[in-house]
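Heads up: the structure comes next, in structure tokens.
Remember, it's 1-based here, ligands and their atoms both numbered in the order they're listed.
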Amino acid sequence: MMVVFIGPPGAGKGTQCRRLVDLLRIPHLSTGEMLRAVMREESALSRWLASYIDAGKLAPDHLVMRIVAQKLQSDECKPGALFDGFPRTIVQAQLLDDYLMEHHRPLDVALNLQVDEEILVERLLKRAQIDGRADDNYETIRERLKVFRTQTSPLIDYYSKQGKLESIDGAQSEDQVFEDIQSIVMRLQQRA
Ligand code: AMP
């Protein structure tokens, strides 16, 4: 199964993806994690990437797609993949569609986790105290939310037009959100 997760930072994509991975037995592809792994290396590329990510901006589309495509070619992605935080722009969504079409593995669903901004800011500031991520400070959080609004939220319309969008209220409890996701996935599996 090929699943995309859309949602602003702090919507719970990572948490729900980890639970869904256990259920579907497909790998969790978090582009944020992949980019942070590149940034941990000491290289010109990592310093260049940090200039985007630490400022709350998006990394360049083609670079992200290249990293994702490398992963998709691995054997572990044969049963499918769960994309967390990817695509984040219309260009990335088109690149992903082209890749999946070329490999005859169409996307099954785009899960859209919806949460109000005040709740997101609160959650992200709390996460900053626990994880100490460089991009979880108030200013960068505001920038990342703006980036979501301007660059990522058009994907909601993009996938809706493809008939692949499923929206979930991400402000509910973690368990309730997961129940909603599970019923969507089960419905899709029954249809397949
Ligand atoms: P995340 O861990 O998903 O919150 O991502 C952290 C940061 O990594 C984002 O704020 C972006 O700077 C960068 N990033 C993650 N995924 C993407 C993507 N698909 N396209 C561009 N930049 C990304």
Side-chain angles (χ1 to χ4, degrees), residues 2-21 27-41 43 45-72 77 81-100 107 109-115 117 119-156 158-159 164 168 170 174 177 181:
M2 289 288 181
V3 181
V4 156
F5 250 102
I6 308 170
K13 297 186 300 292
T15 309
Q16 295 298 333
C17 276
R18 280 184 285 276
R19 295 182 70 164
L20 199 51
V21 159
H28 174 190
L29 303 191
S30 156
T31 44
E33 285 298 332
M34 292 179 209
L35 292 167
R36 280 189 288 280
V38 175
M39 286 201 322
R40 281 193 288 273
E41 295 159 12
S43 67
L45 173 65
S46 68
R47 284 187 292 277
W48 179 68
L49 259 183
S51 70
Y52 289 90
I53 295 178
D54 290 349
K57 310 260 184 227
L58 294 183
D61 292 327
H62 285 81
L63 171 80
V64 179
M65 184 63 219
R66 207 163 62 222
I67 296 175
V68 169
Q70 264 170 12
K71 281 269 177 196
L72 283 176
C77 289
L82 193 54
F83 299 101
D84 169 5
F86 175 84
R88 257 174 154 106
T89 63
I90 294 284
V91 171
Q92 290 180 17
Q94 287 165 339
L95 289 170
L96 178 65
D97 276 350
D98 291 348
Y99 180 96
L100 294 178
L107 187 75
V109 65
L111 298 171
N112 172 33
L113 272 185
Q114 295 177 305
V115 184
E117 284 207 4
I119 301 176
L120 295 171
V121 174
E122 208 176 290
R123 283 186 187 175
L124 288 166
L125 289 174
K126 208 179 275 174
R127 183 170 83 183
Q129 289 171 348
I130 300 165
D131 295 352
R133 259 176 60 171
D135 59 352
D136 272 348
N137 59 71
Y138 189 75
E139 221 169 85
T140 315
I141 288 169
R142 282 278 166 215
E143 177 61 26
R144 284 158 62 212
L145 289 173
K146 189 175 111 202
V147 166
F148 178 80
R149 247 183 279 123
T150 55
Q151 294 181 258
T152 308
S153 67
L155 291 179
I156 296 170
Y158 179 89
Y159 286 120
K164 292 193 172 161
I168 301 127
E174 189 186 312
V177 172
I181 292 174

N/O to N/O below 3.5 Å, does that happen between Ala59 and ligand 1?
-> yes

Under 4.0 Å from a heavy atom of Gln92: give me the atoms of ligand 1 that qualify, with their elements.
-> 18 (C), 19 (N), 20 (N), 21 (C)

Would you say Phe86 has any N or O atom under 3.5 Å from an N or O of ligand 1, going by distance alone?
-> no

Give a yes or no on whether the backbone of Thr89 and the side-chain of Thr152 come within a donor-acceptor separation of less than 3.5 Å.
-> no

Measure from atom 23 (C) of ligand 1 to every heavy atom in Leu35, Thr31, Leu49 and give the option owning the shortest one.
-> Leu35

Looking at ligand 1, does Arg36 have a heavy atom less than 4.0 Å from it?
-> yes

If you measure from atom 5 (O) of ligand 1 to every heavy atom of Arg144, Glu33, Arg88, Met65, which option wins on shortest distance?
-> Arg88

Do Glu117 and Arg142 meet the salt-bridge criterion of a basic N to acidic O distance under 4.0 Å?
-> yes

Checking salt bridge (charged side-chain N to carboxylate O under 4.0 Å, His left out) for the pair Glu139/Arg144: CA distance, chi angles, key distance, verdict?
-> CA-CA 9 Å; Glu139 221 169 85; Arg144 284 158 62 212; over 6 Å; no

Can you list the atoms of ligand 1 that are under 4.0 Å from a heavy atom of Leu58?
-> 21 (C), 22 (N)

NZ of Lys164: more than 12 outside heavy atoms within 6.0 angstrom?
-> yes

Student check: side-chain heavy atoms of Arg88 and Val64 closer than 4.5 Å = no

Distance to 0.1 Å, residue and atom name: give those for the protein heavy atom nearest to atom 4 (O) of ligand 1.
-> Arg133 NH2, 3.3 Å

Heavy-atom contacts under 4.0 Å between Pro9 and ligand 1: side chain, backbone, both, or neither?
-> neither

Run the numbers on Arg36 and Glu33 for salt bridge (charged side-chain N to carboxylate O under 4.0 Å, His left out), then give the verdict.
-> CA-CA 5 Å; Arg36 280 189 288 280; Glu33 285 298 332; 3.1 Å; yes

Residue part near ligand 1, for Val64, under 4.0 Å between non-hydrogen atoms | side chain

Tested for side chain to side chain contact (heavy atoms under 4.5 Å, CB included) against Phe83, the lone hit among Leu29, Ile6, Val3 is Leu29

Numbered in order shown, the ligand 1 atoms found under 4.0 Å of a heavy atom of Lys57 are 11 (C), 12 (O)

For atom CD of Glu122, is the number of surrounding heavy atoms from other residues, nucleotides or ligands below 6.0 Å larger than 12?
-> no

